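First listed ligand is number 1; within each ligand, the first listed atom is number 1. Predicted model only: the values in this text are computed from it and were never measured.
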Amino acid sequence: MTKKDIVARGIHALYAQDPQRADWLLWGRRVDPVSRRGFLKKSGLLAMTAAVGAQIPFWENMPGGLIPAALAASPEPFVIPGREGLRVLNDRPINAETPAHLLDDKITPASRMFVRNNGIPPVEASVDPATWSLEVAGESCQNPMQFTIAELKARFAHHTYQLQIECGGNGRAEFNPPATGNQWSTGAVACPSFTGVRLRDVLEACGIKEDAVYVGYYGADTHLSGDPTKVVISRGVPMAKALRDETLIAWAMNGDDIPALNGYPLRLVAGGWPGSVSGKWLKKIVIRNKEHDGAKMTGHSYRVPCAPVAPGTEVPKENMCVIESMPVKSLITFPQSGITHPQADAFSVRGHAWAGDLTVEAVFVSIDFGATWQQAALTRPANPIAWQHWYAELRFPMKGYFEVWARAVDSQGRSQPMVLPAWNPRGYLNNACHRIAVKAV
Ligand SMILES: Nc1nc2c(c(=O)[nH]1)N[C@H]1C(S)=C(S)[C@@H](COP(=O)(O)O)O[C@H]1N2
Ligand SMILES: [Mo]
């Protein structure tokens, strides 16, 4: 890890990986282990300032090796304003996930929406929705065009859908051997309602050539390195997904502006696929005559081995396939894991289930580590690609420690696995059953 990494990866990742090296990088060699006297290096000060989210006026007085209390004092090192309770995984770029019990809402509010940034979002104050423009181009676009948000709103029909977005790496933390990247547990998923125009309507207005096979996006965020020529992320979807009714160019989330961290003022939403296809701070769309080859489309990014491999296998690029629709999954959002419950009383449990482009056919719950299962009540989705809600009432046969497991099955009969699914080099697609701990007393 180099100085550049401090700035690029942020203080949390740095301390998590190697605290001594982090100390050295932030404070330099001159930290005396007894007096803790040392001098904060410039790169260290930069990283700390970014991490605490404010200037540190008296930084010259900080004892050597000190980790700011804002970062050290609590298990939640810092809080994203307006998203209290989210677990922050990294501060540069910002990545934060939502604990399962905070995802209980049927429609995820902005305050509980996870954040997955690959780069630095545009500075909020510099974003002017009145002048923001969206360009549509690419070799398979007949008439390249530009639209302001007002033009999009005036020219095309508005649609609102509740759409589930889940990061391809959600659940990564459980893979072994571990995969690098954000160690998401279960909380990189959400299902807000989005309003915008259909991507299809906009593409058709610009003319889709016969040879079109893929659509790619570009956003206004900037690369962590500060290099303006580097693209943070530019992914996309095949035409069939791009042309679906529910694939939107959205300007609103839950009836309000899209939050700054989630793509204000305009984002693509292609729900049910890895979240990385839903481009934020959307500036440009390209219609391609081949599979889009933008940043993080190629190599090992958002790809899994085309055929299963043994854990730890090094897989050559040619054998990696792009992730499309996400696998069936569910969450227990009520009650919170770790609760105590009177054994004589019925136990109500509920959550959501989703299955990429498919629907969820059934959800089952178990209190005996999967030996027997009881079917839960399940709602229909509000619209295709919205998550569904399930509910069950259980009884514990005796006092003691129980785990409640939930398992969803999709409309093609595929079930969530009870343990980890296929290992893959980057730790994607972990759709293992979610479980909570309950003490019956
Ligand atoms: N421009 C841009 N779009 C982006 C990203 C990004 O870093 N930059 N991250 C992607 C990834 S990996 C995910 S999982 C989703 C996360 O959306 P959210 O932060 O609104 O939850 O946005 C996607 N769109
Ligand atoms: Mo993601």
| query | Okay, side chain of Ser234, backbone of Tyr217: is any donor-acceptor separation there less than 3.5 Å? | reply | yes
| task | Could you tell me whether the SG atom of Cys141 lies less than 2.5 angstrom from the SG atom of Cys206? | result | no
| Identity and separation of the nearest protein heavy atom to atom 10 (C) of ligand 1 | Ser276 CA, 3.6 Å
| query | Going by the atom numbers of ligand 1, which of them fall below 4.0 Å from some non-hydrogen atom of Asn117? | reply | 7 (O)
| task | Note the single closest protein heavy atom to atom 8 (N) of ligand 1, along with its residue, its atom name and the distance in Å. | result | Asp221 OD2, 2.6 Å
| request: Select one of side chain, backbone, both or neither to describe which atoms of Asn262 lie under 4.0 Å from any atom of ligand 1, heavy atoms only. | output: both
| query | Are Ser140 and Asn289 close enough that a side-chain donor and a side-chain acceptor fall under 3.5 Å? | reply | no
| Who's the nearest protein heavy-atom neighbour of atom 15 (C) of ligand 1, and how far? | Gly275 O, 3.4 Å
| message | So does Gly356 get a backbone contact from the side chain of Ser325, meaning a donor-acceptor N/O pair under 3.5 Å? | response | no
| message | Among Lys280, Arg235, Lys283, which one puts a heavy atom closest to atom 4 (C) of ligand 1? | response | Lys280
| query | Counting N and O atoms only, with roles assigned by atom type, does the side chain of Arg350 sit under 3.5 Å from a partner on the main chain of His389, one being a donor and the other an acceptor? | reply | no
| query | By number and element, which atoms of ligand 1 are closer than 4.0 Å to a non-hydrogen atom of Cys167? | reply | 14 (S)
| message | I need the atoms of ligand 1 closer than 4.0 Å to a non-hydrogen atom of Gly279, numbered in the order shown. | response | 3 (N), 24 (N)
| remark: So for Asn118 against ligand 1, with non-hydrogen atoms under 4.0 Å, the contacting part is both
| task | List the closest protein heavy-atom neighbour of atom 21 (O) of ligand 1: residue, atom name, distance to the nearest 0.1 Å. | result | Phe114 O, 2.7 Å
| query | Is the shortest distance from a heavy atom of Arg267 to ligand 1 less than 4.0 Å? | reply | yes
| query | Do Ser366 and Arg407 meet the criterion of a side-chain donor-acceptor pair at a distance under 3.5 Å? | reply | no
| request: Might you work through the side chain to side chain donor-acceptor pair (under 3.5 Å) test for Asn118 and Arg116, ending with a clear yes or no? | output: CA-CA 7 Å; Asn118 289 264; Arg116 196 306 183 226; 3.2 Å; yes
| query | Against heavy atoms of Val115, which atoms of ligand 1 measure under 4.0 Å? | reply | 19 (O)
| request: Using the ring of Trp132 (Phe, Tyr or Trp, six-membered ring only), decide whether Lys283 places NZ or CZ under 6.0 Å from its centre and within 45 degrees of its axis. | output: yes
| message | Measuring from non-hydrogen atoms of Tyr302 to any atom of ligand 1, is the shortest distance under 4.0 Å? | response | yes
| Rounded to the nearest 0.5 Å, what separation is found between the CH2 atom of Trp387 and the OG1 atom of Thr379? | 11.5 Å
| request: Could you tell me whether Arg435 atom CZ has more than 12 heavy atoms of other residues or ligands within 6.0 Å of it? | output: no
| Under a 4.0 Å heavy-atom limit, does Met113 contact ligand 1 with its side chain, its backbone, both, or neither? | side chain
| message | With a cutoff of 4.0 Å, is Ile165 in contact with ligand 1, counting heavy atoms of the residue only? | response | no
| query | Do any heavy atoms of Ser278 fall under 4.0 Å from ligand 1? | reply | yes
